[in-house]
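Comments concern the structure below.
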Amino acid sequence: MTDLRVRIAPSPTGTVHLGLCRTALFNWAYARGRGGAFILRVEDTDRTRSTAESEEKILEGLRWLGIDWDEGPGVGGPHEPYRQSERSDAHALVAAEVLASGHAYRCFCTPERLDELRAAQEAKKETPRYDQHCRDLDPGESDRRAAAGEAHVLRFRVPEGETLVRDLVRGDVRFDHGEIDDWIMVRRTGAPTYNFVVVCDDIDMRISHVFRGEEHLVNTPKQVLLYGALGREAPAFGHLPLMLGTDRKKLSKRTGDTALGDYIAKGYPREAIVNFLCLQGWALDGETEVFDTETFVKSFDITDVQKAGAVFDPKKFLWLSGDTIRRMPIGELLTAVTPYLEAAGMVNPSGIAAQRPWFEQLMEGEQERIELFSELPGRVRPFFEADDAVTYEEAAEKNARKHEARAEHLSAFLEWLEERSEAGEFETSELSAGMKAWVKERGLKFPALFQPLRCALTGMPGGRDLGDCITLLGLERCRTRIQAAVSRLI
RNA sequence: GGCCCUAUCGUCUAGUCAGGCCUAGGACACCAGGUUUUCAUCCUGGCGACGGGGGUUCGAAUCCCCCUAGGGUCACCA
């Protein structure tokens, strides 16, 4: 059996894009589901745009998603180093080999000449391409000019013919070599280009399958040709459909957030993000939308991947987030939400531990009402406000003022509450039932008490069960709030 | 524009490779009911698609061709 080895090769030039996350996820799942190895390699050949911070963000982001790598930065491996910029010696060796074998040639054309060429071609509405000016330069002359220190690049000598790419997602794709430029392998600075190093490194690292975004499909014949020139067998390829924005173009900041960090900050649960990403171009069985990572790993196959691009649907993502939150154990939810509570100044780190049951009750009432962790502080605000200065939202106050005898009802209800407390009957479900009975005994409609009471207690027009609010606040705080409301709602 | 990819409800998709089981299934969204003290959850129902045209076949969402539409790519970026 040939060793299954897949990789993700991000370039550290910015934020952690969701597309990268999905590609990583699919590669990783493919390896994990088949006992293969998953390798992480940092593609930092563009020295001017690559940053260490970006690289660190990528590693952090992948780890956060639950993706672990068998070889790569941080864990090492038999094919070190895993940062392309540190592999230049190997690249130089291969470049020399390709030049010596005649599959590549030196090109001494100046960037100015190339610019003019391109401009002329564009003016004539032709496809911009290299005119192979240096392709048939005499080898002796080429060597002399290079030895004399004349600046040059190394170009791949694309032969006549066509290349067949057998894509595990798309099937067979043919490319006529007449359409492929004699592409640059090594820049005049001596730095190798992406199409060149990606092949060198994938060979060195024994990569067996390359799954990446569809934007790389047209690069593939160039790479396949290089594998051939090097006498190596190309890996299997699979080009994933693009993730599209609502404008049906490649997902970009233009139509919404694209960075993993944005979603983490908003409080999408990890499971929801992974689950949603899995759904972009792949489906478990066509029926089941919600599944865990383990199920994904067990079921994922590259040949099941959709060919057409997938438009990113923020609404469905939000729904999935809320659904995931609703299924979380309360303790886990509390942990997830703690940073948001702290950031809102509602608790300090030890505060929750000291009143854990209270916080758990608080969470239980909100669990089905939030779709993102970040919504929580706004929703529980009333429970952290001063009792004599609850913020009344306009809609809540309006609802309360609809009832003529609001102050009388509130005062009477407070008396009833005091009695319940003295009687030791101050538990949520008994209170909820008792309140309803209280309203009916007086021949009232529910809103006559509940709307003013909700306003008094929370200042909000809607929300959790009022009995629940009462037990959460306790008699003292309820008394203050109701008394305040009696005067404020006159 | 050249080349390449793609084409099922508004969106994500199942079904396409092995044509009949498809009067095309699920999910989100939307709409209407129900449950509920409110909000939310939850439940029920509804709306809603095989881009168009030719073939092949007894039979096509599924196979072939053309058209159309969308996307990707054309860097000394990756």
Side-chain angles (χ1 to χ4, degrees), chain A residues 9-13 43-46 48-50 84 107 109 111 114 118 122 125-129 151-155 165 167 169-171 173-176 178-181 183-195 197-198 212-221 239 241-242 244 246 248-250 276 279-290 303 306-320 322-323 326 365-371 379 395-396 399 432 435-436 439 445-451 453-454 458 460-467:
Chain A
S11 57
T13 55
E43 209 115 316
D44 57 349
T45 51
D46 183 344
T48 57
R49 292 200 302 151
S50 300
Q84 280 185 332
C107 167
C109 295
L114 264 18
R118 185 170 16 249
E122 278 170 0
K125 298 205 173 189
E126 287 173 5
T127 303
R129 65 188 332 144
H152 62 273
V153 302
L154 213 57
R155 286 185 184 271
V165 174
D167 190 290
V169 173
R170 276 150 222 288
V173 187
R174 282 167 201 287
F175 294 90
D176 191 307
E179 301 295 333
I180 306 174
D181 235 3
W183 53 281
I184 293 172
M185 293 165 45
V186 180
R187 303 174 173 98
R188 63 173 43 213
T189 59
T193 62
Y194 162 77
N195 280 121
V197 284
V198 75
R212 68 223 313 189
E214 195 196 333
E215 70 262 35
H216 288 288
L217 184 56
V218 290
N219 280 325
T220 310
H239 287 90
L242 258 18
L244 275 21
T246 40
R248 302 202 134 271
K249 293 198 185 349
K250 210 157 55 149
F276 185 72
L279 259 12
Q280 301 296 293
W282 185 82
L284 180 59
D285 54 14
E287 304 271 309
T288 315
E289 308 280 326
V290 180
T303 55
Q306 179 95 355
K307 295 188 191 71
V311 175
F312 183 86
D313 182 0
K315 287 247 188 74
K316 185 160 183 173
F317 196 8
L318 206 51
W319 165 78
L320 191 52
D323 185 72
R326 273 170 248 133
E366 299 304 332
Q367 184 166 29
E368 67 197 35
R369 293 180 168 81
I370 59 172
E371 289 185 302
R379 296 201 50 91
N399 284 343
S432 295
M435 289 161 74
K436 282 192 250 184
V439 173
K445 296 241 168 85
F446 286 135
L449 171 67
F450 293 132
Q451 292 191 328
L453 183 59
R454 183 171 294 284
T458 71
M460 290 176 169
R464 64 205 299 154
D465 176 76
L466 280 170

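Since the structure is predicted, the reported quantities are computational estimates derived from the model, not experimental observations. Sequence lines set the chain letters: A, B, ... in the order given, protein chains first and strands last, and positions in each chain run from 1.
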Donor-acceptor pair (no angle test) under 3.5 Å: Glu289(A) side chain, rG26(B) base: yes

Which comes earlier along RNA chain B counting from the 5' end, the contact point of Glu371(A) or that of Gly462(A), where each point is its nearest nucleotide? Glu371(A)

Closest to side chain of Ala308(A), choosing from rG71(B), rA7(B), rC76(B): rA7(B)

For the side chain of Lys316(A) and the base of rA29(B), is some donor closer than 3.5 Å to an acceptor across the two? no

Should the side chain of Lys315(A) and the base of rC28(B) be counted as holding a donor-acceptor pair, with the cut-off at 3.5 Å? no

Using a cut-off of less than 4.0 Å, is there contact between a side-chain N or O of Arg174(A) and OP1 or OP2 of rC4(B)? no

Looking at rA78(B) and His216(A): do their rings stack (centroid distance under 5.5 Å, interplanar angle under 30°)? yes

Which value, in whole Å, describes the distance between the P atoms of nucleotides rC21(B) and rU11(B)? 26 Å

What about Arg326(A), does its side chain sit under 3.5 Å from the base of rU41(B) through a donor-acceptor pair? no

Think Thr127(A) has a side-chain N or O under 4.0 angstrom from the OP1 or OP2 of rC74(B)? no

In terms of side-chain heavy atoms of Val311(A), which of rC12(B), rG72(B), rC76(B) is nearest? rC12(B)

For rU6(B), what is the paired nucleotide under Watson-Crick or G-U wobble rules, both distances under 3.5 Å? rA69(B)

Nearest of rG72(B), rA75(B), rC4(B) to any side-chain atom of Leu217(A)? rC4(B)

Paired with rG1(B) by Watson-Crick or G-U wobble geometry, both distances under 3.5 Å: which nucleotide is it? rC74(B)

I'd like to know if the side chain of Ser11(A) reaches the main chain of Thr13(A), judged simply by a donor and an acceptor atom lying under 3.5 Å from each other, with no hydrogens or angles considered. no

Testing rA40(B), rG10(B), rC5(B) for proximity to the side chain of Arg369(A), the answer is rA40(B)

Any chance the side chains of His239(A) and Arg212(A) put a donor and an acceptor closer than 3.5 Å? yes

For nucleotides rU57(B) and rC64(B), find the distance between their C1' atoms and express it as a whole number of Å. 12 Å

Which nucleotide in rU73(B), rC4(B), rA75(B) has an atom nearest any side-chain atom of Pro128(A): rA75(B)

Would the distance check show the side chain of Arg369(A) and the main-chain N or O of Gly365(A) forming a donor-acceptor pair, the cut-off being under 3.5 Å? yes

Counting just side-chain N and O atoms, does Gln84(A) come under 4.0 Å of either OP1 or OP2 of rA78(B)? no

Between rA78(B) and Asn219(A), counting only base atoms on the nucleotide and side-chain atoms on the residue, is there a donor-acceptor pair under 3.5 Å? yes

Among the nucleotides rU73(B), rC12(B), rG2(B), which one has an atom lying closest to any side-chain atom of Arg248(A)? rC12(B)

Side-chain donor/acceptor contact of Arg170(A) with base of rC5(B) under 3.5 Å: no

Can you find a heavy atom in the side chain of Phe450(A) that is under 4.5 Å from one in the side chain of Lys436(A)? yes

Residue mapping more 5' on RNA chain B - nearest nucleotide basis, Phe446(A) or Trp319(A): Trp319(A)

For the side chain of Glu368(A), counting heavy atoms from C-beta on, which of rC12(B), rU38(B), rA40(B) is nearest? rA40(B)

If rC31(B) has a Watson-Crick or G-U wobble mate with both distances under 3.5 Å, name it; if not, just say none. rG45(B)

By nearest atom, which of the nucleotides rU11(B), rA14(B), rU6(B) is closest to the Ala283(A) side chain? rA14(B)

